[in-house]
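The block underneath contains the structure these notes are about, expressed in structure tokens.
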Amino acid sequence: MAEDTINLLKDCQLAVHKPNPRQYIASISSLPGLEVWFQRASDVVRKIRAGDVDLGIVGYDMVCEYGEDDDDLIVVHDALGFGECHLALAIPTSGIFENISSVSELAAMKHWSPERPLRIVTGYTHLGKKFVDKIGLKHVRLLTADGALEAAPAMGTADAILDLVSSGTTLRENSLKEIEGGTVLQSQGVLVASKRSLLLRETALDKTHEILERLEAHLRAKNQFTVTANMRGNSKDEVAERILLNTEFHGLQGPTICPVFSKMNGSVLENYYAIIICVTKHRLYDAVKQLRKIGGSGVLVSPLTYIFDEEPPRWRMLLDKLNQ
């Protein structure tokens with residue numbers, strides 16, 4: 001996830017400067033005094049828990065697996081928009097599992113006993129044990145492995161796997177299938193922090209605030225466009241009423257309406273108004289059509305880079321977690 005993380009930070013004007021590609025330490029010039037460390041995903045969580053680092057960007061699955069329900073770990077931003085996947089149980093598509101399509105059916109199979117347990121291979125033993133206990137699967141043995149889990153059932157070293165799934169292509173290519181009730185959690189990149197560090201380490205909370213503000217502003221603006229159109233009207237109120245009553249697109253709080261001045265026969269006229277609204281990418285053409293229908297013309301479209309709120313909602317949530 002390092003490349004996605006670096007690209008996101010760059011888009012937020014937090015470019016990471018790494019002098020040497022073989023180094024594990026870097027910096028962000030716009031945040032003086034901040035050190036950036038490149039670590040394995042599992043070590044990101046471990047080092048936050050140990051107090052070696054204050055903040056980390058990592059998959060939510062790693063937080064849950066290696067965080068082990070530690071109250072000191074706080075998820076500051078839970079949806080960074082990359083690394084989307086889910087942790088799920090998968091079984092072979094044929095053999096004794098051919099007609100099994102749910103966790104309840106898997107649990108009801110007569111094949112499992114203390115002498116012959118259901119063998120699930122996974123790199124998520126903490127989450128795996130919690131999941132097995134939660135769904136009531138009995139006679140289960142969790143086996144550990146770091147990679148190529150999909151091969152284990154075909155090799156006969158396991159009956160099922162518990163692993164991350166994104167598109168599901170790798171499962172299908174290895175004759176495996178997900179089953180109903182087998183999803184453990186949804187995951188994507190998150191910003192996580194040490195509660196202890198935010199409360200006790202000088203400047204840690206302030207830097208976290210700035211990082212969060214930049215992330216929120218950029219992610220909120222993602223796939224958003226500013227649409228500007230000229231519209232003839234007798235007053236701003238008339239134009240505003242036309243937009244609010246006849247279109248689905250009203251901007252963040254409402255349309256911005258400004259007079260457009262034109263020169264005709266030596267006189268300056270104010271008979272057009274520029275209206276500005278914010279529109280999501282997938283509704284962009286719908287917005288253009290609706291504006292044209294009520295007299296809009298000269299429609300200009302430009303992508304948004306940032307949308308800053310008065311206060312990011314997640315900042316208030318963080319302060320609540322810190323009892324601030």
Side-chain angles (χ1 to χ4, degrees), residues 3-15 30 76-84 166-167 186 188-191 209-318:
E3 185 176 351
D4 288 326
T5 300
I6 290 171
N7 289 338
L8 173 61
L9 292 174
K10 184 178 180 181
D11 289 340
C12 297
Q13 303 301 307
L14 295 170
S30 55
V76 178
H77 198 299
D78 61 347
L80 296 181
F82 62 86
E84 291 95 338
S166 51
S167 65
Q186 300 289 332
Q188 64 175 297
V190 299
L191 175 65
H209 187 192
E210 180 172 348
I211 292 170
L212 181 59
E213 276 236 275
R214 290 172 180 261
L215 288 170
E216 287 274 66
H218 172 67
L219 291 170
R220 190 177 179 199
K222 192 175 182 180
N223 294 323
Q224 297 273 356
F225 287 80
T226 298
V227 176
T228 304
N230 289 338
M231 192 172 295
R232 186 184 291 276
N234 296 316
S235 68
K236 289 187 288 186
D237 290 345
E238 178 197 311
V239 172
E241 184 175 336
R242 206 184 308 167
I243 295 167
L244 292 171
L245 296 182
N246 297 289
T247 77
E248 303 171 59
F249 304 96
H250 306 152
L252 296 177
Q253 281 82 35
T256 299
I257 301 173
C258 307
V260 176
F261 297 95
S262 57
K263 186 177 179 181
M264 183 177 293
N265 299 325
S267 299
V268 176
L269 304 178
E270 183 185 322
N271 54 4
Y272 275 90
Y273 292 87
I275 63 99
I276 305 170
I277 56 175
C278 179
V279 179
T280 58
K281 183 177 182 179
H282 75 283
R283 297 298 312 278
L284 186 58
Y285 190 56
D286 291 333
V288 172
K289 288 192 295 184
Q290 290 188 29
L291 288 174
R292 283 175 175 166
K293 191 173 181 180
I294 61 172
S297 62
V299 182
L300 305 178
V301 178
S302 57
L304 275 169
T305 306
Y306 305 102
I307 299 175
F308 285 96
D309 280 319
E310 292 181 17
E311 182 181 82
R314 286 182 173 89
W315 173 245
R316 184 68 261 166
M317 293 167 62
L318 175 60

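Computed from a predicted structure; not experimentally measured.
- Atoms CD and SG, on Glu213 and Cys12 in that order, are 11.5 Å from each other to the nearest 0.5 Å.
- Atom OG1 of Thr247 sits about 15.0 Å away from atom CZ of Arg292, to the nearest 0.5 Å.
- From Thr280, atom OG1 reaches atom CZ of Phe249 across 7.0 Å, with rounding to the nearest 0.5 Å.
- To the nearest 0.5 angstrom, Leu219 atom CG is 13.5 Å from Arg214 atom CZ.
- Considering NZ of Lys289 and CZ of Arg283, their distance stands at 9.5 Å, rounded to 0.5 Å.
- Residues Ile275 and Leu291 form a side-chain contact, since some pair of their non-hydrogen atoms from C-beta on lies under 4.5 Å apart.
- In this structure, the side chain of Arg242 engages the main chain of Ile294 through a donor-acceptor pair within 3.5 Å.
- Put simply, the side chain of Arg232 never gets that close to the backbone of Gly295: no donor and acceptor are under 3.5 Å apart.
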**OP:** Begin with the C-alpha distance, continue with both residues' side-chain angles, and end with the deciding distance and a verdict on side chain to side chain contact (heavy atoms under 4.5 Å, CB included) for Asp286 and Glu248.
**Re:** CA-CA 9 Å; Asp286 291 333; Glu248 303 171 59; 6.0 Å; no

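- Counting all heavy atoms, side chain and backbone alike, Val299 lies closest to Ala229 at CG2-CB, 3.9 Å.
- Scanning both residues, Leu304 and Cys278, for their nearest heavy atoms gives CD1-SG, 3.4 Å.
- Taking the ring pair (Phe, Tyr, Trp, His ring centres under 6.0 Å) definition, one finds that His218 meets it with nothing, sequence neighbours left out.
- When atom types are taken as modelled, the side chain of Gln188 and the backbone of Gly81 share a donor-acceptor pair closer than 3.5 angstrom.
- Here the closest heavy-atom approach between residue Gly233 and residue Tyr273 is recorded as O-CE1, 3.4 Å.
- For Tyr285, the OH atom sits in a loose shell: 12 or fewer heavy atoms of surrounding residues, nucleotides or ligands are nearer than 6.0 Å.
- Glu216 has its side chain out of reach of Trp315: every pair of non-hydrogen atoms, C-beta onward, lies at least 4.5 Å apart.
- Under a 3.5 Å cut-off, the side chain of Arg314 and the backbone N or O of His77 do not form any donor-acceptor pair.
- Within 6.0 Å of CD on Glu311 lie more than 12 heavy atoms contributed by other residues, nucleotides or ligands.
- Judged purely by atom type and a 3.5 angstrom limit, Ser262 has no side-chain atom pairing as donor or acceptor with the backbone of Tyr272.
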Subject >> side chain to side chain contact (heavy atoms under 4.5 Å, CB included) assessment of Thr5 paired with Leu80 >> reply: CA-CA 9 Å; Thr5 300; Leu80 296 181; over 6 Å; no

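- Pairing each heavy atom of Pro255 with each of Ile277, the nearest pair is CB-CG2, 3.9 Å.
- For the atom pair Gln290 CD and Lys293 NZ, the distance stands at 8.0 Å (nearest 0.5 Å).
- Using a 4.0 Å cut-off between a side-chain N of Lys or Arg and a carboxylate O of Asp or Glu, Lys222 and Asp11 do not qualify as a salt bridge.
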Original post:
Taking it one step at a time, do Leu252 and Arg220 satisfy side chain to side chain contact (heavy atoms under 4.5 Å, CB included)?
Top reply: CA-CA 11 Å; Leu252 296 177; Arg220 190 177 179 199; 4.0 Å; yes

